Amino acid sequence: MRAESPGPQHEWLDADAGPVVRPYTLTGGRVRPPVDGFDLLAFVLSTSVESTGVPGLQPEHRRLVELARRPKAVADLAADLDLAVGVVRVLLGDLLAHGFVAVHRPPATAYLPDDNILKAVVSGLRAL
């Protein structure tokens, strides 16, 4: 016989859903990373520093370090962990502050096309 879980029951929540953890629980209520924000296209790479046995690191922190053994974009890490990008940014900020990951930001675009060029491209696509 299965024990009922405490708290209110919801029709969208069933036994197959598993434990439900609100995203802010993973970040300790924080919504901003302790360091500068991470661009979605920034690549994250684990450093050689070992993260096992470090107090305060959650399983999600350790999973991020594992996933970033090879360079991976912030957006891809969020997708792989099935977490909101904001949560992953906060967790990555923790890891960056402890030296467990390095962030490589994409180069800034040196040239943005003129609005007239973009309008001409759109017109050409519509003509197809």
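Throughout, numbering of the chain's residues begins at 1 and tracks the sequence. All values derive from a computational prediction rather than experimental measurement.
- Distance check: F100 CZ to L64 CG gives 12.5 Å after rounding to the nearest 0.5 Å.
- Remark: S46 OG to R70 CZ distance equals 12.0 Å, nearest 0.5 Å.
- Of all the heavy atoms in A102 and T47, the pair that sits closest is N-CG2, 4.0 Å.
- Taking CG of L91 as the reference point, atom CD of E60 lies at 7.0 Å (rounded to 0.5 Å).
- The shortest non-hydrogen separation linking L57 to R62 is O-NH1, 2.8 Å.
- For the pair D80 and R63, the salt-bridge criterion is not met [side-chain N within less than 4.0 Å of a carboxylate O].
- A single hydrophobic cluster is seen to contain both L83 and V103, as judged by linkage of ILVMFWY side chains at heavy-atom distances under 4.5 Å, directly or through other members.
- Closest approach of L77 to A68, counting heavy atoms only: CD2-N, 4.5 Å.
- Between L92 and V74 there is a side-chain heavy-atom pair separated by less than 4.5 Å.
- Once rounded to the nearest 0.5 Å, the distance linking NZ of K72 with CG of L45 reads 12.0 Å.
- When the side chains of ILVMFWY residues are joined at heavy-atom separations under 4.5 Å, either directly or via intervening members, V65 and L67 end up in a single hydrophobic cluster.
- Cluster membership check: V122 does not share its hydrophobic cluster with L128, using side-chain heavy-atom separations under 4.5 Å among Ile, Leu, Val, Met, Phe, Trp and Tyr.
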Do L95 and V44 pass the side chain to side chain contact (heavy atoms under 4.5 Å, CB included) test, and can you show the C-alpha distance, the side-chain angles, and the key distance before you say yes or no?
CA-CA 10 Å; L95 293 172; V44 179; over 6 Å; no
Set out, in order, the CA-CA distance, both residues' side-chain angles and the distance that settles side chain to side chain contact (heavy atoms under 4.5 Å, CB included) for L125 and V121, then state yes or no.
CA-CA 6 Å; L125 290 173; V121 169; 4.1 Å; yes
